Structure formats: C-alpha cells, structure tokens
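See below for the structure under consideration.
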Amino acid sequence: MGPRTASPWGAAEWRGHRVLRKFGSVRVALVSEALVGLVSLTSAAQCCALCLRRLPLQPCAGCACFGYCSDAYRQADAPDHSRECAAIPLLVKKLSACGSHVWHRGDALLDALLSARLLRAGHPAESLAASLASPLLGRPKALEAMLQAPALAIPVAIARSLLEVAAEVPQLLPERFRHARLHQASLELVIGVLMQMQCNMTGVVEHSCFESVGSALFAEGSLANHDCAPTCQFLFRFREGARPSLELQCVRDVEAGESLCISYGDLARPVWERRRNLQASHWFSCKCAKCMKDLTPSGLLKQLESVSDPKGQLLRSLFERSLPEEAEAAKMLQVFKALKVPFASTSADAAVSLALKGLAKLEPLEKRSARSNLRIIQGSLAKLLPAVHREAVILQELQSLALSTAELAEDFSTVLEMAKELRARCLERYGPFHLKRCFLLRKELAAHEALGSPATEAAEAAEAFEKLLIRLGLKDKHDTDSQDTGLAHSEPGIDLDTMD
Ligand SMILES: [Zn+2]
Ligand SMILES: [Zn+2]
Ligand SMILES: [Zn+2]
C-alpha cells in the first residue's frame, strides 16, 4: 500500500498502522500510553494535573496553578513539577502576549511546559519519540527559512520565553541549555520539539463534559495517519494514578490490510479549507481519496452548496486564522469562476455579508455581554437561514457560537435548540459513533435539567446518551444482555510500520 497522505519526508517512506485482520466498528484497535501530558491552563482549577480527571483538587502551594486529586499523585508528578513550579509564574507573565490558540489547540504555557518535559526526558535518538513526525526532521536547512515564516512566530516566541525563564530557573531545562554561547542551537532544538508537538500532540477529551482539558503526546498513537474519511477516532481512558491512555477506536468496520487513520482536522469543512488548515497545522498537502474526489469539478460544485461562504469571510471574522495557502484559495476561486458558479451574486452571499456586519459588533465572549451577543448571533442566523443550504458549514459555525454564547447567557431553551440542530447534522457528517455526539447530548441533558423539561422530553436524550456511552465503551452495561459491547483491549493484530 502506498502512502495515503503526502508526508514531509516524501512518498518513499510510509509509516502508520495497518490492521492484519478485520476490526468491527467501535472496536479498540490500539492502546497507547502517554509520553508526556498535562492539564491546560483553563482546566487546571477543575482537573487533576496528572490523571486529568475532574475531581476535588489539592492545589500546589508553590505555583497555585496546578492541583492534584491526591497526595500520592502529587508525589508521582513531583520529579517533573518540582522543576517547573517556580518557573510557572515567570512563564505566564512572558507568554501572556502569545496567542497560541491560533497555532494549535493548546495554550502557550502548556506548550512550554510539555516541551521542557520532553527535553528533560531526553529521548534517545533511536526511540519512537525521536522519530515523531516533524517538518524539520532531517531538514536542518529548512529551519532557517521556517524561522522567518509568520506561522512560526508563536513557537519562536514560546522557545525564547522558555530559554529566558530557564536562565532564572535553571532546573527547568537540562544543563546544556544554559550556555549563552549555544543559545542559537538551543533555540533551534526547542523549536524543533515544539514543531514535533504541533504535529503529534492531541487534545485530551474527558468524559463528563466531552471537552478538551489538556494535551498529551502518545508515541504509537501519533503514528496514526490522517484521512478525510477516517477509519478511527481517538478515545481516552482515564485511570487511577496515571495519565490517560489513548485508544484508537474504529468508527466503521475496518478490513484486514486497511490503515488505522484519524482526522487531524474538522471534517465538516469544505475541501479547500480542510487542505489549507492541514497545511498550517501539520505541514502537508492532503491527497486522500476524499480530497481527490472533492477536488474534481463535480465535487467542488457539491462542496460549494454546503459552504455558502466561499471566500470564508464569515469564518475569518469568527476565528483568527492563519492563511498560509492563500494561493490555493485563489486557485479554487478561479475554478469556481471557470465553472460559472455565480457565488458572488447569490442571495446567500448577500446574507453572508449582512451577517458579517452583525458579527462585527460582537464583543469578546464574556458573561456580561452574553445576552446582547446572543441577540446579534440570532439575528445573523435569521438572515442566513432562508438564504443558505441546510448543510452549510457557515450555519453550523454560527449555531455552535450561539450554543456557547447561550450557555454563558444561561438561555437554556436556545442551548437545547442549537444542540439538537447540531446533533442531527453531526450524525450525517461523522456517523453514529463520534464523540461530538456525546458532547452535544451532554449539553441537551444539562439544558433539560435547567429548564425542568417534562420527563418524556428529557428521556429521549437521556436514552440516546446512555446507549452511545455504552456502545463506545465509556460506560458499563449493567443488564444481563449478552450483546457485544464492542470493547476489546490490547488485542493483537496490528502491524506497526515505523520509519527506518
Ligand atoms: Zn488525579
Ligand atoms: Zn506548583
Ligand atoms: Zn483529505
């Protein structure tokens, strides 16, 4: 089998996981332990720094930033945390201007601390960790050019902050990083590790709210390749006294010889945006079968129907985005023009620019302004709904924003309405076993509870949630029904191909 995606090393090398026998859907095909992992700054007050579970915490007296669910876990993390505790307030101060959310999903402090943990661990060159994908691996000359790229401004800032703080808190980094004359070499090393993290780290989704609470790096897990029609999803197993482990769970039947692949991005996005985002986050141009099909003229026309914002104006106003592939976006627009797609004059386009005006008035998401923000978003939705296709990505983007804003505004009937809408769409796009459905069902249940809905209304959501949790193996089945729950841990049947 050839490479499913173009790798930074060229097409000659293929690495990833291939199954040697069939795995049914929701089967766990691979279990992987974390090399490093840590709670994110935003979740540190609620989730244990070691096991990432949402439990009552004893905060660290030193930094008052991280907490542990037990004294034993604090001691287990002490070899690492004792070296970073004094550095945390200094790092927070230096990194405050560093908007790493536009770089990848982590926060800058998490990136800095995890890269320091990786550097202190000093993985030997022949280990799996050392062979983690990186756009810099084996390409020392590429570094100089990349350091100038706007997309690298954030990792460069994180690396500089880390080295500056290590000058004041020497135990933060190994001894060789403290020599001033080796500063440039140290900087390049730290940036290299940060790039490996960007390409391989994954957000850890916990199972009470189905939201990401931290990040971790899984050696075998990170060898799962990307595909825009993935065979697997990541699932996390939370345990006593240890970091969560990662499971690759099949989202459909996977035949012998097929590859275990996941999606590194949002599958709801149109092909040009998916490819642009993957280029920015993982430094490769996706050539999967789905992308190739979506890039044909008929595929593009179909995609256009689901977008209604072909220039991405609305998306850009919602999120700060890096756009390294402007050239590709321009090429797409040319194709649309050649196909004589009148997107620039459709009613959808007019509705999008109207919505854009409304959204320009949005203040940052704060509890204080949540109610007025919600009215603006609902106004935009009302203008868009009659003009765009039901599948339009733009509609879902606004509905997601309405959901989170309604939560802040404590408008639970809107939360319920948006979660229901998004859940129906999620089923169509991602299939029945996706964790996003858990996230939305959880929101629906909370809204029913807050609204005091009649038992019959809440029961449907509760039953669907329960069934999905059992099906995904996130909850035990209590009855005596002998039906297969689909759980199978650590089964043999994996062919692990690593780069030679
Ligand atoms: Zn814990
Ligand atoms: Zn501390
Ligand atoms: Zn693709």
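Computation of the quantities below employed the complete heavy-atom set of this structure, encompassing side-chain atoms and omitting hydrogens, waters and symmetry-equivalent molecules. Keep in mind that what you see is a predicted model, and the values were worked out from it rather than measured. Both ligands and their constituent atoms are indexed starting at 1 by order of listing.
A side-chain donor-acceptor contact under 3.5 Å links Q58 and R74.
Taken from CG in L223 to CZ in F218, the straight-line distance is 13.5 Å, to the nearest 0.5 Å.
Distances from the Zn ion (ligand 2) show that H81 has an N/O/S atom below 2.8 Å.
Rounded to 10 degrees, the SG-metal-SG angle spanning C228 and C288 at the Zn ion (ligand 3) equals 110°. Considering the Zn ion (ligand 3) as centre, the angle to SG of C286 and to SG of C291 is 110° (10° rounding). Here C63 contributes SG and C85 contributes SG, and at the Zn ion (ligand 2) these two atoms make an angle of 120°, given to 10°.
The cationic group of R21 lies under 6.0 Å from the six-membered ring centre of F23 and within 45° of the ring axis, placing it in a cation-pi geometry.
More than 12 heavy atoms of other residues, nucleotides or ligands sit less than 6.0 Å from atom CD of E164.
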